[in-house]
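Accompanying notes for the structure given below.
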Amino acid sequence: MIKITLPDGSVREYAPGTTSLDIAKSISEGLARKVLAASVNGIVSDLSMPIQIDSSLKLLTWDDTEAKSTFWHSSAHLMAEAIQAEFPHAKFWVGPAVDRGFYYDVDLGEAKMTEDELGILEKRMNEFAKQNNAFVKKMMPKAEAVSYFTDKNDEYKLDLLQNLNDGEISFYTQGSFTDLCRGPHIPSTGHIKAIKLTSVAGAYWKGDERNKQLTRIYGVTFPNQKELDEHLLMLEEAKKRDHRKLGKELGIFTMDDMVGQGLPLWLPNGGIVIEELEKLAKETEAAAGYKRVVTPHIAKEAMYLTSGHLPYYADSMFPPMELDGTKYYLRAMNCPHHHKVFDAEPKSYKDLPFRIAEYGTCYRYEQSGELFGLMRVRCLHMNDAHIYCSKEQFADEFRAVNEMYLKYFKIFGIDKYVMRLSLHEPSKRGQKYIDAPELWEQTEAMVRETLIESNIPFIEVQDEAAFYGPKIDVQIWSAIGREFTLATNQVDFNSGNKFKLSYTTAQNGTDVPLIIHRAPLGTHERFIGFLLEHFAGKFPTWLAPVQVKVLPISDKFMDYAITVKEALKKAGVRAELDDRNEKIGKKIRDTELMKVPYMLIIGEKEATENMVSLRRQGKGDAGTVGLTQFVGEITQEIADRILL
Ligand SMILES: [Zn+2]
Ligand SMILES: [Zn+2]
């Protein structure tokens, strides 16, 4: 018998050769109907794969990320079956799952596909899905596979075969479609109940523009119609909230070809949002015992050779500039500069934890095809800080960093978040990971314990840590349910050695500090891009570029309107006056478009009684209040950073 360990720690015994599906059935029929794939000893596998040795097993259902990508990759095969039916001469390159859905790159020969024809393919896919065809795996010797694709004159699959070794070549067949594929797949097409092909585009073979252009078809599928409907609704809402569109309408940022791709220019309204975010960060960090530093945007090659950014990270950096025979690089990260700040003066255990913060400007060379609005840029402003501490201080420091994340989430109304804890793979120590078994064990355990203690939802992933320590990626969801990777929080027990950082211990010895890298607010670029979508451009009052617009009904009340505006400005409120000779209705509509939180309507009654008539963005008339009372209320709302 073999021992199967389930995620809850329970152990069950089965005959060797039992499949994950058999095991699911032995637990419950309901589970067996729902399960899509299995993770056997950490490797995602077909449910039909026989298990021969003692193993840990996780049965994956739609709720698991790995099951979703298996489901979507299987949907790509289903789409390929439909394409083959419509275009019998089509040749297939690759069809991976992506973030939300899947695509397939296809050579249609002389034929062309347009968006209109996606419906025809969808219909075919629905037919084939209803047939509930099993995904059947078959192994094939390499020579046989090569001759199979040579006969088919399929240069694409022959290219893929080149990189595969004999004995590892597998094919999957469902219905009338067979594909060279490593798998895994869901059991059968019947699980795919809702299908939407979203777009068709050109894509160069292997992403190289010297190669032939293939047709890339994107789609998304779900196990039920309801989830597809919700997904499509979310996409529609996301289009309205597109940060590039809102960023332009609200005067937040722009791009200029003469400045360069991926180099946003922050306009005055964007400048205000940035200042408010920095003010929040500086207050929060000062309260948490951080000190502020300011460091240059460039450094000599030698520093990046020490840090290891060069040569490994060179592709992501701008090329160097040469001055007096020395190469200088624009920095892609702030860490090395901060290490030098730590090293500037001798440190003792009394100086630790040493926490230094800077809104650091970095430059990264992103491929032009990957640039996207504020989400992927070449110049970024990072909410950066580094904490240098002893091993004993680590847990408390790490906990405090997590609390800071949670505090920010509350301020911005981010209700859904997950921390993704990336751990190292012990067998790869000395190659992919620094060879420090004890430190790995200790820090990974400390990080895990702290996350459990702080009640923060997290998932663990194996073999994705940074070279020098465990990594925590923070994923957040916007108000419309779209996922963003906000920031990374890293534990580093290597840079201290590389930069020869040390401190005098209480026993008069020396030790190397542990380093925590953290950036809870990520970069201004990505975070403001996120906030634009999250708030649909309707920033909370404290963050809004213009907080109050004063709208006199006619010129007769201009003097009082100016008094109102001045009173607000004196109280530190960002107020503007609409002194155009326009009808009040138009003034209100224009202000609504700019998503200003408060409008104050000024007429006869208001002017004589020292009052203001209040309108709230998107909510309409909110009654009349005394000017002094309004100033008091709004300044309080701003000071408390209230989310309405
Ligand atoms: Zn496949
Ligand atoms: Zn860092």
Side-chain angles (χ1 to χ4, degrees), residues 36-37 44-46 48 66 69-81 84 92-98 102-105 133-139 156-157 160 164 168-175 177-189 192 221 290 293 295 299 303-304 306-309 313 331-342 354-362 364 380 382-389 401 466-473 487-496 498-499 501 513-520 522-523:
L36 295 168
V44 184
S45 318
D46 293 333
S48 58
E66 301 99 319
S69 51
T70 308
F71 189 91
W72 283 327
H73 170 64
S74 301
S75 303
H77 280 235
L78 182 69
M79 180 172 77
E81 188 182 2
Q84 186 185 260
F92 297 90
W93 172 232
V94 289
V98 290
F102 57 89
Y103 68 80
Y104 217 123
D105 280 352
N133 296 315
F135 285 90
V136 181
K137 184 181 186 177
K138 187 183 161 205
M139 300 302 291
Y156 301 104
K157 296 296 171 182
L160 287 177
L164 297 176
E168 59 186 31
I169 294 165
S170 59
F171 284 76
Y172 279 83
T173 301
Q174 97 278 0
F177 180 76
T178 298
D179 205 357
L180 171 70
C181 177
R182 151 159 44 101
H185 280 282
I186 60 173
S188 64
T189 59
I192 304 168
T221 50
Y290 291 70
V293 295
T295 58
M303 184 143 91
Y304 298 113
T306 300
S307 70
H309 287 108
Y313 198 69
R331 69 175 169 196
M333 287 174 176
N334 307 304
C335 334
H337 284 92
H338 285 190
H339 301 338
K340 286 296 182 189
V341 170
F342 177 92
F354 185 69
R355 311 178 190 93
I356 48 174
E358 172 177 21
Y359 249 102
T361 309
C362 301
R364 292 186 187 165
L380 25 106
M382 196 186 291
N383 171 224
D384 215 353
H386 294 89
I387 301 168
Y388 302 79
C389 63
V401 167
F467 174 69
Y468 49 67
K471 187 172 88 168
I472 301 96
D473 288 314
T488 304
N489 184 1
Q490 278 176 5
V491 186
D492 176 354
F493 38 79
N494 190 40
S495 300
K498 278 188 168 170
F499 279 84
L501 305 183
L514 279 179
I515 303 167
I516 299 174
H517 305 245
R518 44 109 285 176
T523 63

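Whatever order the structure lists them in is the order used to number ligands and atoms, beginning at 1.
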Go through it in stages, so that I can follow the logic: the residues are T173 and K138, the test is side-chain contact (heavy atoms from CB on, under 4.5 Å), and I'd like the CA-CA distance, side-chain angles, deciding distance and then a yes or no.
CA-CA 8 Å; T173 301; K138 187 183 161 205; over 6 Å; no

Side-chain (D384) to main-chain (E358) donor-acceptor, under 3.5 angstrom
no

CD of Q490 to CD1 of I516, rounded to nearest 0.5 Å, is 11.5 Å

Check which protein N, O or S atoms are less than 2.8 Å from the Zn ion (ligand 1) and report how many there are.
4

F342 CZ to S495 OG distance, which is reported to the nearest 0.5 Å
12.5 Å

Out of the candidates Y304, Y388, F354, only one should pair with H339 under the ring-ring contact (aromatic ring centres under 6.0 Å, His included) rule; please name it.
Y388

Tell me, with the steps shown, if Y156 and D105 meet side chain to side chain donor-acceptor pair (under 3.5 Å).
CA-CA 10 Å; Y156 301 104; D105 280 352; over 6 Å; no

Quick check against the 3.5 Å criterion: does K157 have a side-chain atom that pairs as donor or acceptor with the backbone of W93?
yes

Check: Y468 ring centroid to H517 ring centroid under 6.0 Å:
yes

Total protein N/O/S atoms whose distance from the Zn ion (ligand 2) is less than 2.8 Å
3

Between H77 and F102, does the side-chain contact (heavy atoms from CB on, under 4.5 Å) criterion hold? Intermediate values first, please.
CA-CA 10 Å; H77 280 235; F102 57 89; over 6 Å; no

